[in-house]
Amino acid sequence: MSARWFEDTVSALTYSLIAEHQGPAYSPAHNAVARFVVEQHGRAPDFLRLALALATCVLDASAVLLAGRPFRRLPPARRRRVLATWARAPLGPCRDLVRFYESLVVFGWTAMREDADG
Amino acid sequence: MAEPLAAPSGVVRTEVLVVGSGPGGAITAALLAEAGRDVLLLEDGVFLPLESCPPFSREEMMQKYRGGGVTVAMGTPKVAYIEGRCVGGGSEINSGLYHRTPPEVLARWRDDFAIDGLTDADLEPHFVACERDLSVTALPGAPPPASRKLADGARALGWASLEVPRWFRYDGDGGRGTRQSMTKTYVPRALAAGCRLLPATRVLRLRANGGHWTAAAIHRPAEGAPRTVAVDADTVFVCAGAVQTPALLRRSGITRNVGDSLGMHPTAKYVAVFPDEVNAEDMGVPAHQVKEFAPRFSFGCSISSPPYLALAMLDHPDDAARVEHEWRRMAIYYAMTGGGRGAVRPLPGFADPLVRYRLDDGELAEVGAAMVELGRCLLAAGAVALYPSIARGPRVTCEDDLGALHVPARDRLNLMTVHLFASCPMGERRERAAVDSFGRVHDARGLHIADASILCGPPGVNPQGTVMALARRNALAFLRRS
């Protein structure tokens, strides 16, 4: 798994989740939040880091079956559908993965907006 | 701030090695160094001043939390937990709320584990000394409105509540105060007394070596490649916390009653919405707690900045947007319980240990009971809506709604904790205890534990006061013996 592939997928997840939580489609802070998420993943306990990377790989690949392309290459509307499928999946680890990214993105996004507001 | 030791090379010789610089390790290092012992203090995390980042911020999470705060005890429900990983350990990131160990808790530990010297009278001088050294004091002004709401609710129901003192100094700075963490107190004292400190150094394993102990460690400087460090010590105090201490001991082949009995205070939360403003940019840490149901469970108010509110409202996506415009009327409250039991195990091929935790049905029902009573308290305080930490859980607007919380669904309940303990309990009952009454590891001469690991179960209150009093008692006992 290359770092570039992982960062691209996390970036796609970040943009989608910010939009999902009433954020704008793009702002200069989006990339900073994506960097925060990648860095926090890098700080996680090593066994969890590996499990999360593998699950992220599965999410990216599952979009080929669900929407015709890897998650990171989908347009925003189709990304939302894939995320919604994972968020409601009967398998706990699928829901946990979405929750993991959602937690970091929402916390990071809100904190950065708060910093920007002074 | 005093300078830490430059990275040594070869084998470092010391009389006493202290592994971990949190509340247990810092006080141990300070007392032993002040008594003239040659002390080396190793810390896995970096050495940063308390002021390196705003408290409870994203920066603090990145700088000072172990695993960036992405740490979780596996189970159903999972329990997210937080530990410090920096010089000063958890004292650098916690709320600074102080309690002595309740007498009934000490009595239960004495009876269950056959502990010598653990009466109220035995601990009294150690509590007094720690309270003096950490400036334990009440808030000088009025508590924040969110904190008062908890007291209002308790009063309306005829329940007991209290304003908890904190280890803070207030020196005419407008009432904000300065937390008396270990980097403000015992670490400088240790360094002034000649203790050597090597941060960013992780001990991989310990080995008994002909009456000495050898520690194999890896030092990761801010610049340059990691390098191995070996330490030869007569005595080792392991003070790495309730997760890392048993992990290190088990990696070192010391496994008897080690890492089998992890305890924590599983904590459920509500976001409460009030008709009036209760929150502000500089609200800080609310200090009221409701102890009406202690030691079964107790309630308090959490950090409630917008990022934490947004995080908490993830369980309620339909109403999550309220944070944007209504955060000043919102605050987070917690119900802290004491049930469950966990284990800490190193994983082959990985540096970080696996933490597992299990709540049985009765313990889960206790979490539900705590949420119901906290809900009653907040409604009595005037809350107009409560959002429990249950994924897509009910929005509570009246007491009738609380019925749905009595037995929360395991797979939807979100629990967290900042209190972990009891993974290497003390006592003379060798069939249950990892260390003796004074923190000496059974059958491992010269090896001690001085952190929350040696507690025998949930104290039911913030454990730092207990950890420090026990560490002081055990360090002084060590000095008397040797």
Side-chain angles (χ1 to χ4, degrees), chain A residues 10 17-24 29 32-56 80 83-84 87-118, chain B residues 45 54 56-78 80-81 83 85 243-244 247 281 305-315 317 320-325 327 345-355 391-392 410-412 414 416:
Chain A
V10 171
L17 287 166
I18 290 174
E20 194 74 20
H21 289 270
Q22 279 76 46
V33 177
R35 272 197 303 279
F36 168 68
V37 176
V38 168
E39 287 171 11
Q40 285 297 88
H41 171 266
R43 291 184 182 98
D46 48 7
F47 63 90
L48 199 56
R49 198 157 63 226
L50 177 62
L52 288 164
L54 289 170
T56 305
R80 275 203 295 279
L83 265 181
R88 288 196 302 265
L91 290 173
C94 297
R95 299 194 302 272
D96 290 346
L97 184 74
V98 176
R99 176 69 180 223
F100 166 76
Y101 283 116
E102 201 171 31
S103 299
L104 289 177
V105 167
V106 167
F107 183 84
W109 169 250
T110 315
M112 285 181 199
R113 269 194 323 172
E114 196 181 37
D115 291 347
D117 292 345
Chain B
F56 311 108
S57 65
R58 185 176 57 94
E59 291 78 9
E60 185 176 80
M61 189 182 281
M62 294 189 287
Q63 289 180 10
K64 297 181 179 177
Y65 285 23
R66 181 170 294 281
V70 187
T71 38
V72 62
M74 299 299 179
T76 310
K78 297 180 184 65
Y81 68 88
E83 293 181 303
R85 180 175 173 259
V243 172
Q244 300 303 318
E281 283 88 351
S305 62
Y308 282 96
L309 284 167
L311 198 57
M313 288 298 285
L314 285 178
D315 288 325
R322 294 187 79 164
V323 176
E324 171 94 30
H325 302 292
W327 69 270
R345 290 289 183 273
L347 290 173
F350 292 99
D352 297 307
L354 175 68
V355 178
R392 296 185 185 275
R410 282 184 180 275
D411 60 345
R412 292 195 297 132
N414 286 304
M416 62 83 61

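Just so it is clear: chains get the letters A, B, ... in the order the sequence lines come, proteins before strands, and each one is counted from 1. Just so you know, these numbers use all the heavy atoms, side chains as well, and skip hydrogens, waters and symmetry mates.
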Subject >> Test side chain to side chain donor-acceptor pair (under 3.5 Å) applied to A/Thr56 - qualifying residues, sequence neighbours left out >> reply: A/Tyr101
**OP:** Output yes when B/Arg58 and A/Glu114 qualify as a salt bridge under the 4.0 Å nitrogen-oxygen rule, no when they do not.
**Re:** no
Subject >> Beyond-backbone contact of B/Pro317 with B/Arg392, side-chain heavy atoms, under 4.5 angstrom >> reply: yes
**OP:** Would you indicate whether the side-chain heavy atoms of A/Trp109 and A/Leu17 approach each other to under 4.5 Å?
**Re:** no
Original post:
What is the minimum heavy-atom distance between B/Ala310 and A/Val106, and which atoms define it?
Top reply: CB-CG1, 3.6 Å
Subject >> Which atoms of A/Gln22 approach chain B - backbone, side chain, both or neither, heavy atom under 4.5 Å >> reply: side chain
Original post:
A/Glu20 versus chain B, heavy atoms under 4.5 Å apart: side chain, backbone, both or neither?
Top reply: neither
Can you tell me which of [options] forms the most heavy-atom pairs within a distance under 4.5 Å of chain A?
options                     : answer
B/Thr71, B/Asp411, B/Asp315 : B/Asp315
B/Gly68, B/Gly67, B/Pro307  : B/Pro307
B/Lys78, B/Arg66, B/Met74   : B/Lys78

Approximate separation, where rounding is to 0.5 Å, of [X] [atom1] and [Y] [atom2]:
X        : Y        : atom1 : atom2 : value
B/Trp327 : A/Thr110 : CH2   : OG1   : 12.5 Å
B/Met62  : A/Arg43  : CE    : CZ    : 5.5 Å
B/Leu311 : A/Glu102 : CG    : CD    : 9.5 Å
A/Gln40  : A/Phe36  : CD    : CZ    : 4.0 Å

**OP:** Pull out the residues in residues 90-99 of chain A that come under 4.5 Å of chain B, heavy atom to heavy atom, sorted by number.
**Re:** A/Arg95, A/Asp96, A/Arg99
Which atoms of [X] approach chain A - backbone, side chain, both or neither, heavy atom under 4.5 Å:
X        : value
B/Leu309 : neither
B/Leu347 : side chain
B/Glu281 : neither
B/Met313 : neither
B/Pro353 : backbone

Subject >> Partner residues of A/Phe107 under the ring-ring contact (aromatic ring centres under 6.0 Å, His included) criterion, sequence neighbours left out >> reply: B/Tyr308
Subject >> A/His41: ring-ring contact (aromatic ring centres under 6.0 Å, His included) partners, not counting sequence neighbours >> reply: A/Phe6
Subject >> Pick from A/Met112, A/His21, A/Glu39 with the largest number of heavy-atom pairs that fall under 4.5 Å of chain B >> reply: A/Met112
